[in-house]
Amino acid sequence: MGETPKTALPCLCGSFLGIYFLEVPYYTDLQPPIVPDVFLSLDVQVPEKWWEKQNRCYMVWRFGKPPEVVLEIVSNKEGDELGKKLKIYEQIRASYYIVYDQNQQLGEKILRVYELRGTRYFETSEIWLEQVGLGVTLWEGEFEGRQDHWLRWCYQDGNVLSTGDERASQAEQRTQLLADRLRAMGVDTDTL
């Protein structure tokens with residue numbers, strides 16, 4: 001299946017959670033948090049009471065580092081994903097910034113991947129995020145009953161990581177195959 005993702009480390013993957021990057025007392029209402037659609041931060045300790053309100057945000061100074069990956073999904077041209085947001089994530093120093101523009105509202109590219117080199121982002125054609133041990137890929141298939149093109153995490157060889165539902169379905173298929181083989185050997189699987 002390719003390389004094992006580095007996500008065996010403790011990690012936090014959040015969606016629509018504010019990232020505060022200026023430490024108090026520097027934080028003001030003039031500098032609100034940035035709220036990516038998705039972010040991934042590896043090798044961090046998540047607070048025990050994560051779901052308590054005061055813990056449901058990502059404060060760079062508390063976690064000791066910025067997230068490795070931030071992902072924005074373009075829904076309209078008002079988000080300024082290639083302008084203001086790109087500059088903010090560059091300032092935060094997230095290793096990778098991904099812009100998924102399925103409806104091509106920002107141009108011809110559906111997927112843009114930016115890698116931080118020094119203090120600047122550079123667009124890359126690489127979908128493998130070396131520092132994270134994961135990749136992203138465009139995948140065509142059915143998800144939650146809808147056939148479409150989807151953005152998926154992948155291994156270095158391009159094979160997608162299975163969703164929970166896909167893993168459960170694969171396990172069910174293996175169980176059924178094993179039961180069929182046992183029945184072919186004369187074992188009554190209903191009595192096991």
For Phe63, what residues pass the ring-ring contact (aromatic ring centres under 6.0 Å, His included) criterion, not counting sequence neighbours?
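ring-ring contact (aromatic ring centres under 6.0 Å, His included) list for Phe63, sorted by chain: Tyr58.
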
Considering only heavy atoms from C-beta outward, does the side chain of [X] approach that of [Y] to under 4.5 Å?
X: Leu161; Y: Leu134; value: yes
X: Val69; Y: Trp153; value: yes
X: Thr163; Y: Phe143; value: yes
X: Tyr96; Y: Val132; value: yes
X: Val136; Y: Leu151; value: yes
X: Leu17; Y: Cys57; value: no
X: Ile110; Y: Tyr100; value: yes

Return the [atom1] to [atom2] distance between [X] and [Y], rounded to the nearest 0.5 Å.
X: Ile34; Y: Lys85; atom1: CD1; atom2: NZ; value: 5.5 Å
X: Glu108; Y: Asp101; atom1: CD; atom2: CG; value: 11.5 Å
X: Ile92; Y: Phe39; atom1: CD1; atom2: CZ; value: 10.5 Å
X: Ile98; Y: Ile127; atom1: CD1; atom2: CD1; value: 10.0 Å

Taking ILVMFWY side chains as joined if any heavy atoms are under 4.5 angstrom apart, and letting links pass through other members, which residues group with Phe16?
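Its cluster partners, ordered by chain and number, are Val35.
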
Test side chain to side chain contact (heavy atoms under 4.5 Å, CB included) on Leu106 and Arg112 and set out the steps.
CA-CA 10 Å; Leu106 304 178; Arg112 291 177 172 86; 4.1 Å; yes

The criterion is side chain to side chain contact (heavy atoms under 4.5 Å, CB included); which residues satisfy it with [X], sequence neighbours excluded?
X: Glu52; result: Lys49, Gln54, Asn55
X: Glu140; result: Gln147, His149
X: Ala168; result: none

Please list all pairs passing the ring-ring contact (aromatic ring centres under 6.0 Å, His included) test where one or both residues lie in residues 71-91, with sequence neighbours left out.
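ring-ring contact (aromatic ring centres under 6.0 Å, His included) check on residues 71-91 returns Tyr89-Tyr97.
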
Please enumerate all residues that pass salt bridge (charged side-chain N to carboxylate O under 4.0 Å, His left out) together with [X], with sequence neighbours excluded.
X: Arg181; result: none
X: Glu123; result: Lys109
X: Arg152; result: Glu166
X: Arg146; result: Asp148

Can you list every salt bridge (Lys or Arg N to Asp or Glu O under 4.0 Å) pair that touches residues 89-100, not counting sequence neighbours?
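Salt bridge (Lys or Arg N to Asp or Glu O under 4.0 Å) check on residues 89-100 returns Lys87-Glu90, Glu90-Arg120.
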
Are there more than 12 heavy atoms of other residues, nucleotides or ligands under 6.0 Å from atom CD of Glu48?
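Counting other residues, nucleotides and ligands, CD of Glu48 stays at 12 neighbours or fewer.
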
So with a 6.0 Å cut-off around CZ of Arg56, is the heavy-atom count from everything else above 12?
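More than 12 heavy atoms, drawn from other residues, nucleotides or ligands, come within 6.0 Å of this atom.
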
Do you know the tightest heavy-atom contact between [X] and [Y]?
X: Cys13; Y: Leu40; result: CB-CD1, 4.2 Å
X: Gln131; Y: Ser95; result: OE1-OG, 3.3 Å
X: Thr137; Y: Gly158; result: CG2-O, 4.3 Å
X: Ser41; Y: Pro66; result: OG-O, 4.1 Å
X: Glu130; Y: Trp128; result: OE1-NE1, 3.1 Å

Apply the test salt bridge (Lys or Arg N to Asp or Glu O under 4.0 Å) to residues Glu115 and Arg117: give CA-CA distance (whole Å), side-chain angles for both, the deciding distance (0.1 Å), then the verdict.
CA-CA 6 Å; Glu115 182 178 15; Arg117 297 181 195 151; 3.6 Å; yes

Checking [X] side chain against [Y] main chain: does a donor-acceptor pair fall under 3.5 Å?
X: Trp150; Y: Gly141; answer: yes
X: Thr124; Y: Glu126; answer: yes
X: Tyr121; Y: Ala94; answer: yes
X: Ser15; Y: Asp37; answer: yes
X: Lys65; Y: Leu42; answer: yes

Check step by step if side chain to side chain contact (heavy atoms under 4.5 Å, CB included) holds for Ile88 and Ile19.
CA-CA 11 Å; Ile88 291 172; Ile19 297 176; over 6 Å; no

For residues 73-83, which side-chain donor-acceptor pairs fall under 3.5 Å, sequence neighbours excluded?
| unit_1 | atom_1 | unit_2 | atom_2 | d |
| --- | --- | --- | --- | --- |
| Asn76 | OD1 | Glu78 | N | 2.8 |
| Asn76 | OD1 | Gly79 | N | 3.4 |
| Asp80 | OD2 | Lys84 | N | 3.0 |

